[in-house]
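In what follows, a single structure is set out as structure tokens and then discussed.
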Amino acid sequence: MAPADLESRTRYDPAETEERVFARWRDSGLFHPVPEGTPEENYSIAIPPPNVTGVLHMGHALNGAIQDALIRLNRMRGKRTKWILGTDHAGIATQKQVERLLETEGTSREALGRKAFEERVWRWREQYGSSIIDQYMRLGASVDYDEERFTLDERYVDAVLRVFVELFEKGYIYRDNRMVNWDPGLRSAVSDLEVEEREVTDTLYYVDYPLASGNGSLTVATVRPETMLGDTAIAVHPDDDRYTRMIGETAILPLIGRRLKIIADPYVKPEFGTGALKITPGHDPNDFDIGREHGLDEITVIGEDGRMTEHAGERFAGLTTLEARDAVVAALREEGRIAHTEPYVHNVPFSERSGERIEPLISLQWFMRMDELVTPAVEAVTDGRIAIHPENWTRVYLHWMENIRPWCISRQLWWGHRIPVWYRGDETYVGVEPPRGSGWEQDPDVLDTWFSSGLWPFATLGWPDQTEELKAFYPTDVLSTGREILFLWVARMIMLGLEFAGDIPFTDVYLHSIIQAPDGRRMSKSLGTGVDPLALIDGGPRPPVFTQGGDFPAYGADAVRFGLLAMSSTQDVRFNEEKVAQGRQLANKLWNASRLVLLRLPAGLELSDVAPRPGAVEDAWILSRLQAAKADVALALDEFEFHRAVLRLYAFIYDELCDWYLELVKPRLYAEGDDSGAAAVALHVLAETLALAHPIIPFVTEEIWGHVPGSDGLLMAHAWPEPDPALADPAAEDEVGRAITAVQELRGWRDRVGAAAGATVPGRLDASGFERTAAAVARLARFEWQSDGGRPVATVGVPGGSIVVLESEAVDADAEARRARERQDLLRKEIARAQGRLANQGFVAKAPDAVVRAERDKLARLEAELDELRI
RNA sequence: GGGCGGUUAGCUCAGCUGGUCAGAGCGCUUGCCUUACAAGCAAGAGGUCCCCGGUUCGAGCCCGGGACCGCCCACCA
């Protein structure tokens, strides 16, 4: 239990609190629900599995805050909630990391051999794999820690292999020799989605290819002269008059002497370069297609190691592509084959994995045909069974799906799901279990990591077995992630979920913001722009990108959650430390507001005896405002408008609860033997506020909850506060609303005339609608009402009339005269504006009545105040 | 080359279906150690809502054009 000395803890201390509170949550077992009920009754989210190599970064923290807010909200709504936890083996990333480690030990993957290497990775994973999960705990994430999945768990592997085999049997998966994106750094194929284009300035070489006939030559333009060693044709546009007579002729490939047929293909753009295109089917995706169409030879001159092969010829074999380029250019120059060169800016594919330039080459790989899987996945979104938020990403999703291409799913790695295919001579065996008999050799490749991630929402629940978990929690509810993996992951989960689990994997996709560094760059550790969420929680060092140095204050998990949610948007945003600070202020504010209420509670008063029965107008007011806040926060969360939810919560707690209600109710709260029920209402409102805030700032609210007399059990398990329409009270809102305005006007007046802060100013309340709030207005504005006597020295307009300030030492006549003039000027300007509008016939005739009436009321109010001021 | 988004106070950002929408937090100024909180309270200054046209009685909000910034997709040598 928490330290009981609320009295002395004048600040909320997250460091002292969080671990203790988390342990209570975890021990409650609520994170780990019994699999019962139907997916409609239950609420589940499958966490985007972090890489086993990963450490918690800002993206995880934001997504953690989002998902936990949703989970906690729905748990409080009485749903059985399960936040499915697990990690991804992350083939490439993990393999690279362990390889680097091996390098420091002076050894290598190859030296160890496949089996030993795999064992090494497993050991490495046991050592480091779970750190990210501990970090999720620090955030307060209520994931089901008791059931942690891993994409290489035995059961998961079984699901992956089964899916592979079934897709193979359906004819969706096939093996083919095709052009792939070869990553020479990784020495593996990668998928189209793992390739990024970068702008590069290259040289465009114009190379003369002599015609076999001896009648001149044909000039082609190329940025990659080294690939010409693999040329097998030259193509021109069929309608290009310059070349039509040459179609069917033969050119001679310089340096090599190969005879190249001159072919016609509409793909060629006559206006580019010379209008003649050298065709290298072995190393250019377009040329590959043209080559297949025209039945051209495919010559591989660049090998998987990124060096020229023997087919490039003796002079060049063994050179890297860059060396080969220089050598080829030099040789061409020697022969006088280079007509001219020019700089050329274009986009070049690079591997996102290794950062190296992609080498397109022909390779024997496994592919997956997507066209048939796409149809139901498109339908699920177009018919609304799956909603994507923000909505405009729906189109992006559909567009990509409609233009989907085969997916290269094999990777030449060792860490991952080994492809369940075995070869023996000409025989091929495909199956989950290895084949019987001897002499079989398994395909050495593993599957793309995203292939296994695609099964995440159902494989984590035990599929293909019809487990209780699967029955209770599939389909899941929300999938929250960054938009960069909408295609890579989300789309594939939808396709595979529909195909194998027989239903959509989730009903809503929420694409959250990417949080950039404060200067707008990408957050990255190596750039010094990465902000570590744990440094924010615990008070670690600020990264170099911050103008301010030193350590972060220990903001605490609630502050980080609040701050991240406040930053989140439909677009990418810059990291903003102030928002985190705002979260900390809120936690502290709520803490102290709670101290005020809880330390003043009459002995014996318990939450269970407390009904929201207003004993004064401010009670009715706060109860009414509370209902509005509850409705707004819930709506914002349900609409995935997290920043709106948290800022509304902030505004309610700060402005309405603390600035006004608690100040208004204080005298009653402090009064000995108060019988107006102030404590009961305050306690009720506090309890509801804690519940309302809990999904956003769970730690501080749970901690305070422990101090609420009669609070039963955990706040985490408490009912979500639904708005009670019976407590809406427009009359009280109006009444207290005008009191608030009056106090603000009076305070503003005091400040303008320089009234001493401590002085009580005499005045006469000359306005209606203050029957129940006059005393409060006087107290909060430091006024004293006098019914008679005193010389009027100023008039302050308030709703429903005005307040006449009476002569006293506190009022400086000159200052007041100045202030009155300023006020009159302002009023005249506003009056002129309103009159102008009302004089406009179009406005009066066409604007809605309510708008016109409001304008008239406003004018009357302004004129009345101006009249008052003239006295 | 297509598509999408952004440009609102010094900074980071809200502004839903056009009419108290010109906002928040931070920063800044001024005054307060008022018995929940100085990580506090109160008051205030600060903005041709990127530019140019248009629609409308009325436009940050709708339409057209332009400028700059960013993201996604894309196999033109």
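Reminder, nothing fancy here: chain letters follow the sequence lines and each chain counts from 1.
- Contacts of A:Y206 classified as ring pair (Phe, Tyr, Trp, His ring centres under 6.0 Å), with partners at least two apart in sequence or in another chain: A:H340.
- Atom C1' of nucleotide B:U20 and atom CZ of A:R856 are separated by 17 Å, given to the nearest angstrom.
- Pairing analysis of RNA chain B (Watson-Crick: purine N1 to pyrimidine N3 plus N6-O4 or O6-N4; G-U wobble: N1-O2 and O6-N3; both under 3.5 Å) yields stems of 3 or more pairs at B:1-7 with B:67-73, B:10-13 with B:23-26, B:28-32 with B:40-44, B:50-54 with B:62-66.
- When the side-chain nitrogen and oxygen atoms of A:Y344 are compared with OP1 and OP2 of B:A77, one or more of them lie within a distance under 4.0 Å.
- Residue A:S569 places at least one side-chain N or O closer than 4.0 Å to OP1 or OP2 of B:A14.
- Side-chain proximity of A:K269 to the nucleotides B:G5, B:C76, B:C41 is greatest for B:C76.
- Listed nucleotides: B:A14, B:C41, B:G19. Nearest to the side chain of A:F843: B:G19.
- For A:R574, the listed nucleotide lying nearest its side chain is B:C13; candidates were B:U20, B:G40, B:C13.
- Across all strands, A:P360 comes closer than 4.0 Å to no nucleic acid atom at all (heavy-atom distances).
- OP1 or OP2 of B:C41 has at least one side-chain nitrogen or oxygen of A:K589 nearer than 4.0 Å.
- Judged as a ring pair (Phe, Tyr, Trp, His ring centres under 6.0 Å), and not counting sequence neighbours, the contacts of A:F642 are A:Y510.
- Every residue two or more places apart in sequence or in another chain was checked for a ring pair (Phe, Tyr, Trp, His ring centres under 6.0 Å) with A:Y555, and none qualifies.
- Here the options are A:L649, A:L590, A:L586, the test is side-chain contact (heavy atoms from CB on, under 4.5 Å), and the partner is A:Y654; only A:L586 passes.
- Side-chain proximity of A:A757 to the nucleotides B:A77, B:C4, B:C32 is greatest for B:C32.
- Atom P of B:U20 sits at a distance of 40 Å from the matching atom of B:G2, rounded to the whole Å.
- Between the side chains of A:N592 and A:Y12, not a single donor N or O lies within less than 3.5 Å of an accepting N or O.
- Two rings, from A:Y267 and A:F288, have their centers 6.0 Å or more apart.
- One finds a side-chain N or O of A:R752 lying less than 4.0 angstrom from the OP1 or OP2 phosphate oxygen of B:G44.
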Between protein and nucleotides 70-74 of chain B, what N or O pairs are separated by less than 3.5 Å?
from: B:A74; atom 1: N6; to: A:N347; atom 2: ND2; distance (Å): 3.3
from: B:A74; atom 1: N1; to: A:N347; atom 2: ND2; distance (Å): 3.4

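- Scored by the ring pair (Phe, Tyr, Trp, His ring centres under 6.0 Å) test, A:H237 finds no partners at all (sequence neighbours excluded).
- Comparing B:G3, B:C26, B:A39 by their closest approach to the side chain of A:R395 singles out B:G3.
- Residue-level contact check: A:K666 touches the bases, meaning some heavy atom is under 4.0 Å from a base atom.
- Comparing B:G15, B:G6, B:U20 by their closest approach to the side chain of A:R861 singles out B:U20.
- Mapped onto RNA chain B by nearest heavy atom, A:L596 and A:Y650 fall at different nucleotides, with A:Y650 at the one closer to the 5' end.
- Here the nucleotide nearest the side chain of A:R782, chosen from B:U34, B:C4, B:C37, is B:U34.
- Using a cutoff of 4.0 Å between basic side-chain nitrogens and carboxylate oxygens, A:E822 and A:R752 are not scored as salt-bridged.
- Going from atom CD of A:E855 over to atom P of B:U20 covers 9 Å, rounded to whole Å.
- Note: A:F552 and A:F546 meet the aromatic proximity criterion, with ring centroids under 6.0 Å apart.
- Nearer to the 5' terminus of RNA chain B, by closest-nucleotide assignment, is the contact made by A:G748 (compared with the other of A:G842 and A:G748).
- The side chain of A:R595 sits closest to B:C37 out of B:C37, B:A39, B:G19.
- Side-chain proximity of A:Q744 to B:U12, B:C37, B:A43: nearest is B:A43.
- Between A:E816 and A:R823 no salt bridge is recorded (no basic side-chain N to carboxylate O distance below 4.0 Å).
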